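Here is the structure we will look at.
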Amino acid sequence: METQKTIRNIFQEFITKTPQIFKNREVLTSEFTPEIIHHRNKEINTIASILAPSLKGARPSNIFIYGLTGTGKTLVSKHIAEELEKISSQGNYPVKVLYINCKMKKISDTEYRLITELTRMLGYSLPTTGLPTDYIYQTFFNALDSERRIIILILDEIDALVEKMGDEFLYNLTRINQDLKQTKLSIIGITNDLHFIEILDPRVKSSLREEEVLFIPYNATQLHDILKHRAEIAFAENVLSEEVIPKCAALAAQEHGDARRALDLLRVAGEIAERMNDTQVTEKHVDMAQEKIDFDRVIESTKALPKQTKVVLWAILELSQTKREDIQTGDVYDIYQNKCKEIGLYPLTQRRISDLISELDMAGIINAKVTSLGRYGRTRVIMFNLSEPVKEKIKAILNESLVV
DNA sequence: AGTCCACAGGAAGGGCAGGCGA
DNA sequence: TCGCCTGCCCTTCCTGTGGACT
């Protein structure tokens, strides 16, 4: 019964002694949609006026939205979509909005899954695999047409999908209006890859790009303003010390004006202060938050790696601690093979390892750059420059999961 | 100027899992 | 149960390449 007492004590203590930092923590998460979106009036007006004709039964132009991460693209689109649905429900021309994030693993990261998911959103059930793609398309088409209204399809992070499987499906989607009889479809494509549009097939490009909206990054002043509004709702009175918001804004502005990053910094700083039983959130907590966010991200992605990739990372870690000069793909492969033998794992080919290394690079765990060493060939030069505590933690995770 | 290293990375295809209808 | 479909991971085979060395 000893433990129960302790737990109760912790909870009791939390209620009575912990100084209250947050009034409403949710406001600082990315799921939260604020009533007013600051510093995006121009973009909101543009998009809203493009979509407005749908209220009179006309199909609005397709819109292509681009801008870096944390510039409010998703927030603005969702916000406008909600308003549009609300207002149209009172009129004669109902509008339905389908929002889908194309990067959602196992839900919408392939053509089949995307179309299946969309069809499900329209209220039809389909198996996750097994059917021919044309059947899936047909079901989707029928579901769409039986809606008898204007449908606005928001494809967020559309670049992820096109990169993976080409722009064929976009071509199909943009042409679907020719065959629909009772429904009209408009597409809003969102991407944070500014060069994305260039790689598209010209036919797709022109139809997707009927209208274009660019979201430019927030500057430090705007970020400051956004944080201030949210902080007023999020934090208790007099909890934030003066320098906190400017600091968060400045740090996020350095990272191309990413508002999500700014909000994360502010929230995590508050959480740290809370856990340390401090009565105020200060600059010190922001610094700690900055470190913690990076730390957590790397650790979480390490844990989630498949076994083979873990062995590759293990090999890189090993090399980074023993070898002075640059780490190359070939070195990694040698160590990797030995480790596989040691733990009784079937080694993959170097071609595959090459891909796994670039996946680790994309996950931001390592830095790998293709470099020519002249006479000594062309290879990836791998750098593993994380802080020592992070390295230690990664090592522990790998050693734990790579036992015989 | 030419060679040649040590790979990068594209293309095609094999094999398996999960899931369908008949 | 079988035949068929898709996604996913992986192999095999291949061509391409920046720049130090000769």
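The structure displayed is predicted, hence computed values, not measured ones. Atom set for the values below is all heavy atoms of this structure, side chains included, hydrogens, waters and symmetry mates excluded. Here is the naming used below: chain letters follow the sequence lines, and residue numbers restart at 1 for every chain.
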Quiz item: If you check the A/R375 side chain, which of C/dG16, C/dC21, C/dC9 turns out closest?
Solution: C/dC21
Practice problem: From the options B/dC7, C/dT11, C/dG18, select the nucleotide whose nearest atom is closest to the side chain of A/T329. | Solution: B/dC7
Self-check item: salt bridge (Lys or Arg N to Asp or Glu O under 4.0 Å) assessment of A/R25 paired with A/E274
Solution: CA-CA 12 Å; A/R25 203 185 65 94; A/E274 192 169 62; over 6 Å; no
Quiz prompt | Polar pair under 3.5 Å, donor/acceptor by atom type, side chain A/R351, base B/dG10 | solution = yes
Quiz item: Rounded to whole angstrom units, what separation is found between the OH atom of A/Y333 and the P atom of C/dC10?
Solution: 12 Å
Quiz item: Rounding to a whole Å, what distance do you find between A/R352:CZ and C/dT12:P?
Solution: 14 Å
Quiz item: Can a donor-acceptor pair be found between the side chains of A/Q290 and A/R261 at a distance below 3.5 Å?
Solution: yes
Quiz item: Atom OH of A/Y346 and atom P of B/dC16: how far apart are they, to the nearest Å?
Solution: 13 Å
Self-check item: Whole-Å gap separating C1' (B/dA6) and CG (A/D331)
Solution: 11 Å
Self-check item: Rounded distance (Å) that lies between atom P of C/dC10 and atom CD of A/E359
Solution: 9 Å
Quiz item: Does B/dG9 have OP1 or OP2 sitting under 4.0 Å from an N or O in the side chain of A/R380?
Solution: yes
Quiz item: For A/Y376 and B/dC7, what is the distance between atoms OH and C1' respectively, to the nearest whole Å?
Solution: 16 Å
Quiz item: Does the side chain of A/H256 pick up a donor-acceptor pair with the side chain of A/T69 at under 3.5 Å?
Solution: yes
Exercise. Inspect the contact between A/R267 and A/D264 and indicate whether a charged nitrogen and a carboxylate oxygen are less than 4.0 angstrom apart.
Key: yes
Quiz prompt | Rounded distance in Å - CG (A/D355) to C1' (C/dC10) | solution = 10 Å
